[in-house]
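Everything below concerns the one structure shown next.
All residue numbers in this chain count up from 1 along the given sequence.
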Amino acid sequence: MRSLCDCRVIKRDNMDCKEALAVCSDKNISIGITIWDLENGDRLLHIPTCSSPPHGLISLRNQYLVASQVQRTGSVSGGVIFSWPLSKHQATLRSYLLESTGPLSCTRDGTYLACGATSGNIYVWEVTSGRLLKNWSAHHTSICCMVLSSDDSFLISGSADGSIAVWSMIGLLAEGNCDCLTSIVSMSKDHTGAITGLLPASTNSSSNFISSSLDGTCKVWNMLSGNLIKTKAFPLPITAIVLDLLEEILFCGSENGAIFLNKFDAGLLNDPFSNPCGEQIVLNGHQKSITALTSCKAGLVSASDDCTVCLWDTVNYTIIRRFNHFKGPISNLVAISKSSLIPKNNQRTSQFRVCVLDKNSQPTNFAKETVKLLPSSSAQEEADAMLGCRSTNLLEKHILDLERGRTLDALQMKIETNRENQMWAIKMTKHTMEMNQCLQSAYLDLLHDRLLQPHDSRLKMEK
């Protein structure tokens, strides 16, 4: 017989397994965010103010919703990022930025938040302090989507001109690294249309990612070398993608509402798209372009410009439930745990803290001292007169200051050393991943030979 405590634990576990779906539009800020229960379709919550561009709504540690806001036509003001705690009913946390914002991405632990801008710039903040750590010009055109690698080591960005860049997070976050371009790992420009989706598809021995584009292709890349592994062409522009690693299926949403299913094996280095059946399965349930896709425990979820959301059974290829969003087309959808909506008044210590994001980066004062200007020409003679009797003391002080890192020369040396260490770390990371790929290839060859040995022996016996 179960105790009351056991029943509470079971109830909590069941609640944790249940999921909710948050959706928003990019048409009008008054539409806001709607949160539905994926199990029964009930509306659980409505956040009244939000208008987020594609890839602009994310869940932060399953405790906050964070959304960049579409800049109104003709507006000359900067961008805005809104944050809402899911378990508390309180005012929106607003962060005002210098320029119009776009896609968002965060690390798995919620420590860092990255945002792409319409200018091609990228911003990275420390969430708990709100400090702007880095901002740099990453692309020549507007950034369309961003994603972090599975281990948060790399930031991948894609732009409207079809270019894709991979950035080292270690290099970006290194103190003293003023040149973010030294943190670039690889760059590719094989797509001829705007990037519409980026997905990490890494295994234990390879580091790959998938990209989709309006040019009607999905491509698989090596994250470190930037080499193109495979291209999959479709008859329509691809507007959204999501990968179900458990079922090894890549879902590709298209411009006319069709969703293409592709068998995808991240462990196959040469042809991850290999499909033994050779059949192209298509899900048809939307009348207009697919705007967002996500994979959750309940199944595949798709959103469209036709103002509907569909929950799919990917085994029988049927629609389980359809949600109608009468307020307008949907630009974003995010699956969250239903338990995250439960107030946690007695768990304040475990609540993740989000601060207002800085608009400008704060200069780091290494020496915590002001740098004195050189004496003017009129005062130079007096300084020279005292130089003889104080030369020894000044030399000793200069050496001591240099050792303590309190002079400009010392700071420059630190910057150069950090840059060299960063480039060495990136080089060693690439070398390690290449070794892992070689070992995996050798292992697969060995496994293949062992599987063929019984067959060859049986043929010899039959002869």
Side-chain angles (χ1 to χ4, degrees), residues 26 53-56 102-103 105 116-120 122 138-147 149 154-167 184-201 208-223 225-243 249-264 266 268 270-275 278 280-284 286-294 302-306 329-332:
D26 60 353
H55 305 284
S105 185
T118 54
S119 64
I122 294 180
H139 294 269
H140 297 297
T141 57
S142 175
I143 295 178
C144 300
C145 51
M146 294 193 310
V147 69
S149 60
F154 302 98
L155 176 66
I156 313 168
S157 58
S159 70
D161 63 3
S163 63
I164 299 173
V166 179
W167 310 88
I184 191 167
V185 177
S186 61
M187 185 81 164
S188 59
K189 297 182 179 180
D190 287 50
H191 280 293
T192 58
I195 306 300
T196 56
L198 293 168
L199 297 172
N208 302 331
F209 70 94
I210 309 170
S211 63
S212 65
S213 170
L214 291 180
D215 63 10
T217 65
C218 284
K219 297 179 183 291
V220 183
W221 309 84
N222 181 276
M223 196 175 301
S225 65
N227 293 333
L228 177 62
I229 298 174
K230 185 70 176 179
T231 298
K232 177 75 173 179
F234 296 89
L236 295 165
I238 300 302
T239 54
I241 55 174
V242 70
L243 181 62
I249 297 177
L250 177 67
F251 300 96
C252 305
S254 67
E255 195 175 47
N256 75 342
I259 302 174
F260 301 98
L261 273 71
N262 303 272
K263 193 70 176 176
F264 184 89
L268 297 178
N270 296 327
D271 189 5
F273 287 113
S274 60
N275 188 356
Q280 180 66 75
I281 302 173
V282 182
L283 303 180
N284 292 297
H286 292 285
Q287 304 302 317
K288 293 185 179 181
S289 177
I290 301 297
T291 55
L293 294 172
T294 189
S302 60
S304 170
D305 273 335
D306 63 8
I330 298 168
S331 60
N332 290 277

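Contact record, Pro200 with Val147: CD-CG2, 3.7 Å, taken as the closest heavy-atom pair. When all heavy atoms are compared, the tightest approach of Asn332 to Gly56 is OD1-N, 3.1 Å. When all heavy atoms of Ile195 and Gly162 are compared, the pair lying nearest together is CD1-O, 3.6 Å. In terms of heavy atoms, Lys219 sits closest to Leu228 at CB-CD1, 3.6 Å. The two residues Pro103 and Met146 make their nearest non-hydrogen contact at O-CE, 3.7 Å. Of all heavy-atom pairs between Gly120 and Ile143, the closest is O-CD1, 3.5 Å.
No donor-acceptor distance shorter than 3.5 angstrom exists from the side chain of Asn284 to the backbone of Ala258, with no hydrogens or angles considered. For the pair Asp26 (side chain) and Ser331 (backbone), a donor-acceptor distance under 3.5 Å is absent. Of the possible donor and acceptor atoms, one in the side chain of Thr196 sits under 3.5 Å from a partner among the backbone N and O of Ile238. Ser213 places a side-chain N or O within donor-acceptor distance of the main-chain N or O of Ala194, the cut-off being under 3.5 Å. A donor-acceptor pair under 3.5 Å is absent between the side-chain atoms of Ser142 and the main chain of Ala160, judged by distance alone. A donor-acceptor pair under 3.5 Å is formed between the side chain of Asp306 and the backbone N or O of Gln287. A side-chain donor-acceptor contact under 3.5 Å links Thr239 to the backbone of Ile290. The backbone N or O of Asp305 lies less than 3.5 Å from no partner atom in the side chain of Ser289, so there is not a single donor-acceptor pair. Asp215 places a side-chain N or O within 3.5 Å of a backbone atom of Thr192 that can act as its donor or acceptor partner.
Note that NZ of Lys263 and CD of Gln280 are 13.5 Å apart. Values are rounded to the nearest 0.5 Å. Taken to the nearest 0.5 Å, the CG atom of Asp190 stands 10.0 Å off from the CG atom of Asn227. Summarising the geometry, atom CG belonging to Leu283 is positioned 5.5 Å from atom CD1 belonging to Ile259; distances are rounded to the nearest 0.5 Å.
Residues Ser186 and Met223 fail the side-chain proximity criterion, which asks for heavy atoms closer than 4.5 Å. Contact of the Ser157 side chain with the Ile122 side chain is registered, since non-hydrogen atoms from C-beta on lie closer than 4.5 Å. Taking the side chain as every heavy atom from C-beta outward, Cys252 and Asn262 approach each other to under 4.5 Å. Two residues are said to be in side-chain contact when any heavy atoms from C-beta on lie closer than 4.5 Å; Ser212 and Thr217 fail this criterion. Residues Ile164 and His191 are in side-chain contact: their nearest non-hydrogen atoms beyond the backbone lie under 4.5 Å apart. Inter-residue side-chain proximity for Ile210 and Leu250 is flagged as met; some heavy-atom pair is nearer than 4.5 Å. At least one side-chain heavy atom of Ile241 sits under 4.5 Å from a side-chain heavy atom of Leu199. Counting only heavy atoms from C-beta outward, the side chains of Ile184 and Val166 never approach each other to under 4.5 Å.
Side chains of Ser159 and His140: no donor on one and acceptor on the other come within 3.5 Å. For the residue pair Trp221/Ser188, the side-chain donor-acceptor check at 3.5 Å is not satisfied.
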Run Ser163 and Met187 through side-chain contact (heavy atoms from CB on, under 4.5 Å) and show every step you take. CA-CA 7 Å; Ser163 63; Met187 185 81 164; 4.1 Å; yes
Would you please test Phe209 and Asn222 for side-chain contact (heavy atoms from CB on, under 4.5 Å) and show each step? CA-CA 7 Å; Phe209 70 94; Asn222 181 276; over 6 Å; no
Go through the steps for Phe260 and Phe251 under the test ring pair (Phe, Tyr, Trp, His ring centres under 6.0 Å), then give the verdict. CA-CA 6 Å; Phe260 301 98; Phe251 300 96; over 10 Å; no
